[in-house]
A.B. asks: 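Submitted below is the structure of interest, expressed as structure tokens.
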Amino acid sequence: MSIEKNVIEENKAEEKSILTNPNEIILSTGKKVTKRERRGQHHIVENRLLSACSIKGDGTGINIGDMILASDIKAAVMIAEIDGVKQKIPTSLSEVYELAGEFSYEEWEEILISLQKDKKEIEEKAKNLQTSTGFDSALM
């Protein structure tokens, strides 16, 4: 392949990445989901929903179902648009069900996985930003 052709292909790839909205998730089915810019009130809505939806157990603590529900609620609060149609922030578990009903099982899994990628990226960036105080080397 010639150098000119390589440069043209690279330029096309860069143009495509510039045009792609970083807050947009395109599912394998073609459905487009736009992530909401999360603000402080969204954290409160999530926590309120989680506390209202938690099932009182036998005192053994958090179970795997509670953890999965937390992930689903965070995903539902995160969704701003589906295929260009604005979505309201769910304030009850039934509204979370309604929103999740817009997706197939596989699509919902894709959304959750894409959010985990964002979380991992953010955590990695946060680790890279941490500077050593030198305290740990003083202990050795």
Side-chain angles (χ1 to χ4, degrees):
M1 191 179 278
S2 70
I3 293 173
E4 293 86 13
K5 198 169 187 178
N6 282 342
V7 171
I8 291 171
E9 292 299 318
E10 287 176 10
N11 287 342
K12 285 181 184 177
E14 284 178 17
E15 288 173 8
K16 185 178 178 183
S17 67
I18 290 170
L19 296 175
T20 305
N21 181 351
N23 291 324
E24 188 173 75
I25 300 168
I26 300 175
L27 303 176
S28 62
T29 57
K31 190 176 284 187
K32 292 181 183 179
V33 177
T34 305
K35 295 188 289 186
R36 185 179 314 280
E37 178 188 352
R38 295 178 54 170
R39 316 260 318 150
Q41 68 266 29
H42 300 121
H43 186 68
I44 294 168
V45 169
E46 285 176 5
N47 287 338
R48 184 169 182 230
L49 258 171
L50 287 169
S51 64
C53 298
S54 66
I55 299 172
K56 302 297 180 214
D58 56 358
T60 58
I62 296 175
N63 64 36
I64 191 71
D66 291 333
M67 293 171 63
I68 292 169
L69 179 60
S71 175
D72 289 337
I73 287 173
K74 286 181 180 293
V77 170
M78 174 276 315
I79 296 172
E81 294 181 9
I82 303 170
D83 287 334
V85 178
K86 291 187 186 262
Q87 303 296 311
K88 73 176 206 160
I89 298 172
T91 57
S92 67
L93 188 56
S94 64
E95 290 176 355
V96 173
Y97 288 148
E98 287 176 26
L99 182 61
E102 296 290 324
F103 302 95
S104 70
Y105 193 92
E106 291 77 17
E107 288 172 331
W108 191 255
E109 289 284 320
E110 281 185 65
I111 291 171
L112 294 175
I113 289 169
S114 69
L115 291 176
Q116 289 174 355
K117 288 180 188 175
D118 290 346
K119 181 180 176 185
K120 287 178 185 175
E121 182 179 321
I122 290 168
E123 287 173 351
E124 192 60 38
K125 286 181 181 179
K127 286 179 187 176
N128 291 338
L129 289 175
Q130 293 176 343
T131 57
S132 174
T133 60
F135 182 73
D136 54 342
S137 61
L139 294 174
M140 295 188 177

A.B. asks: Please round to the nearest 0.5 Å and tell me the distance separating atom NZ of K88 and atom CD1 of I79.
C.D. replies: 14.5 Å
A.B. asks: Working to the nearest 0.5 angstrom, can you tell me the gap between K74 NZ and D72 CG?
C.D. replies: 12.0 Å
A.B. asks: Does any non-hydrogen side-chain atom of T29 lie less than 4.5 Å from one of F103?
C.D. replies: no
A.B. asks: Flag the pair I111 / M78 as yes when at least one side-chain heavy-atom distance between them is below 4.5 Å, and no otherwise.
C.D. replies: yes
A.B. asks: Would you give the length of the straight line joining atom OG1 of T34 to atom CD of E24, rounded to the nearest 0.5 angstrom?
C.D. replies: 5.0 Å
A.B. asks: For the CD1 atom of I25 and the CD1 atom of I113, what is their distance to the nearest 0.5 Å?
C.D. replies: 11.0 Å
A.B. asks: List in chain and number order the residues that pass salt bridge (Lys or Arg N to Asp or Glu O under 4.0 Å) with K31, two or more places apart in sequence or in another chain; answer none if no residue qualifies.
C.D. replies: E107
A.B. asks: Do R36 and I89 make a side-chain contact, defined as non-hydrogen atoms from C-beta onward lying under 4.5 Å apart?
C.D. replies: yes
A.B. asks: Measure the CD-CG distance between E109 and L112 for me, rounded to the nearest 0.5 Å.
C.D. replies: 6.0 Å
A.B. asks: Which heavy-atom pair separates A100 from W108 by the least distance, and what is that distance?
C.D. replies: CA-CZ3, 3.9 Å
A.B. asks: Is there a donor-acceptor pair closer than 3.5 Å between any side-chain N or O of E110 and the backbone N or O of S28?
C.D. replies: yes
A.B. asks: Distance from I26 atom CD1 to D83 atom CG, nearest 0.5 Å?
C.D. replies: 10.0 Å
A.B. asks: Going through the checks in order, is the side-chain contact (heavy atoms from CB on, under 4.5 Å) test met by V96 and L69?
C.D. replies: CA-CA 10 Å; V96 173; L69 179 60; 5.8 Å; no
A.B. asks: Check whether any side-chain heavy atom of I73 lies under 4.5 Å from a side-chain heavy atom of V45, and answer yes or no.
C.D. replies: no
A.B. asks: Do other residues, nucleotides or ligands put more than 12 heavy atoms under 6.0 Å from E37 CD?
C.D. replies: no
